[in-house]
Protein chains: 2
Amino acid sequence: MEPVGLRERKKLQTREALRRAAWALFAERGYDATTLADIADAAGVSTRTIFAYFPSKEDIVFCEFESMRGALAVALAERPAGQDALGALRDFIVSSAHEKADGEGIEQVIAADETLRSHKRARIAEFQDIVAAAIAEDLGAGPDDLRPQVAAASLTAAFEVLEREGGGKPHDAADVAAAIDPIIAFVRAGLNALPAG
Amino acid sequence: MEPVGLRERKKLQTREALRRAAWALFAERGYDATTLADIADAAGVSTRTIFAYFPSKEDIVFCEFESMRGALAVALAERPAGQDALGALRDFIVSSAHEKADGEGIEQVIAADETLRSHKRARIAEFQDIVAAAIAEDLGAGPDDLRPQVAAASLTAAFEVLEREGGGKPHDAADVAAAIDPIIAFVRAGLNALPAG
DNA sequence: TGGAAAAATTGCTTTCGATGCAGCAATATA
DNA sequence: TATATTGCTGCATCGAAAGCAATTTTTCCA
């Protein structure tokens with residue numbers, strides 16, 4: 001059931017080596033000051049090989065976002081019966097908070113680079129559709145109803161403010177909850193004010 | 001009062017020639033399929049010179065955003081006494097709508113390219129601080145009060161949804177107003193639900 | 001177990017955006 | 001007119017990204 005041949009194991013290993021080497025170099029000298037050649041050297045592969053694992057240099061920075069998106073989708077899909085999408089999202093963020101204490105400093109790397117910051121926002125925006133779909137389900141909204149999209153967009157944008165203003169350090173679950181809850185309340189109130197359709 | 005020597009006049013002219021040539025080529029063959037060499041040729045300057053006028057290829061696409069930001073700042077600063085920031089923003093967008101009927105098709109160019117779309121979002125996000133400042137004034141909010149930032153972020157994000165979903169074509173003032181007003185109401189209601197601080 | 005097939009890795013080459021530098025030309029100033 | 005500014009240009013370089021063909025490694029079947 002889980003054959004995972006030598007091949008796939010090695011691939012995972014190489015990918016991790018690349019990611020790890022890159023993150024370390026980014027943290028050490030900064031994103032721009034690190035070339036793909038540096039990364040390849042540190043990981044023991046050729047520069048060309050990097051592109052077999054990551055479509056671009058930036059994707060090495062953001063490669064964890066994809067699994068996070070998957071986790072969010074699961075959390076929203078499997079939320080308890082009584083809980084609405086906004087509540088499930090809240091819980092997801094709060095419970096993800098402590099995991100974010102990544103010792104590898106990739107968040108600092110992103111924070112230090114204007115381009116990366118901006119692209120992070122874009123990546124987060126990719127979560128919108130998932131959230132919007134869950135909200136649409138709650139609301140029984142049709143495809144022409146923009147309320148879910150608007151609410152989801154507001155949410156992600158507001159979260160981004162939190163992260164930016166929060167300085168990036170208050171990774172304590174209680175703090176996070178205290179910051180998130182007003183945002184959720186904000187969107188809930190807004191949604192109530194919006195007519196269907 | 002306005003000496004504007006030959007030199008400055010020529011500079012303006014060259015800049016416009018570059019912008020015009022670039023936009024035309026983008027519209028004709030697409031953004032990626034147009035190289036800086038193509039643009040330089042069409043404008044009658046050297047490739048190197050482009051960088052004297054625009055910091056990057058992308059900035060040729062978004063160069064009008066800066067003046068729009070200035071116009072928004074003015075509109076917010078000089079709003080009539082009885083009008084709040086949200087109302088002024090609404091009016092600004094509605095009255096800007098008809099000007100957006102740019103015959104040069106840059107909006108289509110942006111819409112056709114995923115990267116440009118994402119970067120447009122980032123540019124729009126640069127408006128947030130201006131809007132947030134105006135809202136903060138309305139609310140009498142201090143620098144630690146995140147409500148203005150959250151509201152401004154929600155606004156720009158929601159507007160982006162509108163533009164995306166709206167297909168980009170309903171540039172009639174009445175349509176725009178009909179689309180904007182619910183967004184404004186959404187944010188107003190959200191703000192009311194948010195405690196100060 | 002041996003060897004063909006599939007897949008991964010690599011070097012090489014090219015394209016393009018971006019930047020530093022130095023010489024030259026056009027403009028401004030005195 | 002002489003001189004100082006400023007702009008334009010070519011050139012050379014760097015880094016990211018992508019195509020291609022050769023080579024090595026892994027897999028899988030006879």
Side-chain angles (χ1 to χ4, degrees), chain A residues 1-23 25-26 28-63 109-110 112-116 118-119 122, chain B residues 1-19 21-23 25-26 28-63 109-110 113-116 118-119 122:
Chain A
M1 215 32 179
E2 291 270 345
V4 270
L6 170 60
R7 196 165 231 161
E8 311 182 32
R9 223 177 318 132
K10 255 195 164 175
K11 273 200 95 167
L12 277 230
Q13 213 172 299
T14 303
R15 188 190 168 87
E16 254 307 282
L18 275 170
R19 206 228 62 213
R20 193 176 290 279
W23 283 25
L25 287 170
F26 291 158
E28 189 181 318
R29 348 177 163 161
Y31 179 76
D32 274 329
T34 305
T35 70
L36 292 175
D38 294 336
I39 299 169
D41 279 356
V45 297
S46 80
T47 304
R48 194 64 188 77
T49 298
I50 295 180
F51 291 97
Y53 289 92
F54 301 95
S56 77
K57 187 183 176 185
E58 266 204 18
D59 280 284
I60 309 180
V61 173
F62 293 114
C63 62
V109 170
I110 296 173
D113 184 286
E114 165 54 35
T115 305
L116 290 180
S118 143
H119 288 184
Chain B
M1 210 37 179
E2 290 270 346
V4 271
L6 170 59
R7 201 162 226 164
E8 310 181 32
R9 225 176 317 132
K10 258 193 163 176
K11 273 200 94 166
L12 277 226
Q13 214 172 297
T14 302
R15 189 191 167 86
E16 254 306 280
L18 274 170
R19 199 216 43 122
W23 284 24
L25 288 170
F26 291 158
E28 189 181 318
R29 351 179 161 158
Y31 179 76
D32 274 329
T34 305
T35 69
L36 291 176
D38 295 336
I39 298 171
D41 279 355
V45 296
S46 80
T47 304
R48 193 64 187 76
T49 297
I50 295 180
F51 291 97
Y53 289 93
F54 301 95
S56 77
K57 187 183 177 185
E58 266 203 19
D59 280 284
I60 309 180
V61 173
F62 294 113
C63 61
V109 170
I110 297 173
D113 184 287
E114 165 55 33
T115 305
L116 290 181
S118 144
H119 288 186

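Keep in mind that the numbers below use all heavy atoms, side chains included, and drop hydrogens, waters and symmetry copies. In this text, all values refer to a predicted model and were calculated from it rather than measured experimentally. In what follows, every chain begins at residue 1, and chains take the letters A, B, ... in the order their sequences are listed.
Residues in residues 31-63 of chain A take part in these ring pair (Phe, Tyr, Trp, His ring centres under 6.0 Å) pairs, two or more places apart or across chains: A/Phe26-A/Tyr31, A/Phe62-A/Phe65.
The phosphate of C/dA8 (OP1 or OP2) has no side-chain N or O of A/Tyr53 nearer than 4.0 angstrom. In terms of phosphate contacts, B/Lys10 brings no side-chain nitrogen or oxygen within less than 4.0 Å of OP1 or OP2 of D/dG7.
Here the P atom of nucleotide C/dT9 and the CD atom of A/Gln13 are 11 Å apart, to the nearest Å. For the pair A/Leu18 CG and C/dT9 C1', the computed distance is 12 Å after rounding to whole Å. Nucleotide C/dA25 holds its P atom 15 Å from the CZ atom of B/Arg7, rounded to whole Å. Atom CD in A/Glu8 sits about 9 Å away from atom P in C/dA8, given to the nearest Å. The interatomic distance linking B/Arg15 (CZ) with D/dC8 (C1') rounds to 17 Å, in whole Å. At whole-Å resolution of the value, CZ in A/Arg9 and C1' in C/dA7 are 17 Å apart.
Side-chain atoms of A/Trp23 come within 3.5 Å of backbone N or O of A/Ile60 as a donor-acceptor pair. Using modelled atom types, one side-chain atom of B/Thr34 and one backbone atom of B/Gly30 make a donor-acceptor pair closer than 3.5 Å. A/Asp41 places no side-chain N or O within donor-acceptor distance of the main-chain N or O of A/Asp38, the cut-off being under 3.5 Å.
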_Within the 4.0 Å limit for protein heavy atoms, which parts of nucleotides 10-19 of chain C are touched? Write it as a string from 5' to 3', B for base, S for sugar-phosphate only, - for none._
BBB---SSBB
*Stepwise side-chain hydrogen bond (donor to acceptor under 3.5 Å, both in side chains) check, B/Ser46 with B/Thr49*: CA-CA 5 Å; B/Ser46 80; B/Thr49 297; 3.0 Å; yes
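The residues A/Glu16 and A/Arg19 are annotated as salt-bridged, a charged nitrogen and a carboxylate oxygen being separated by less than 4.0 angstrom.
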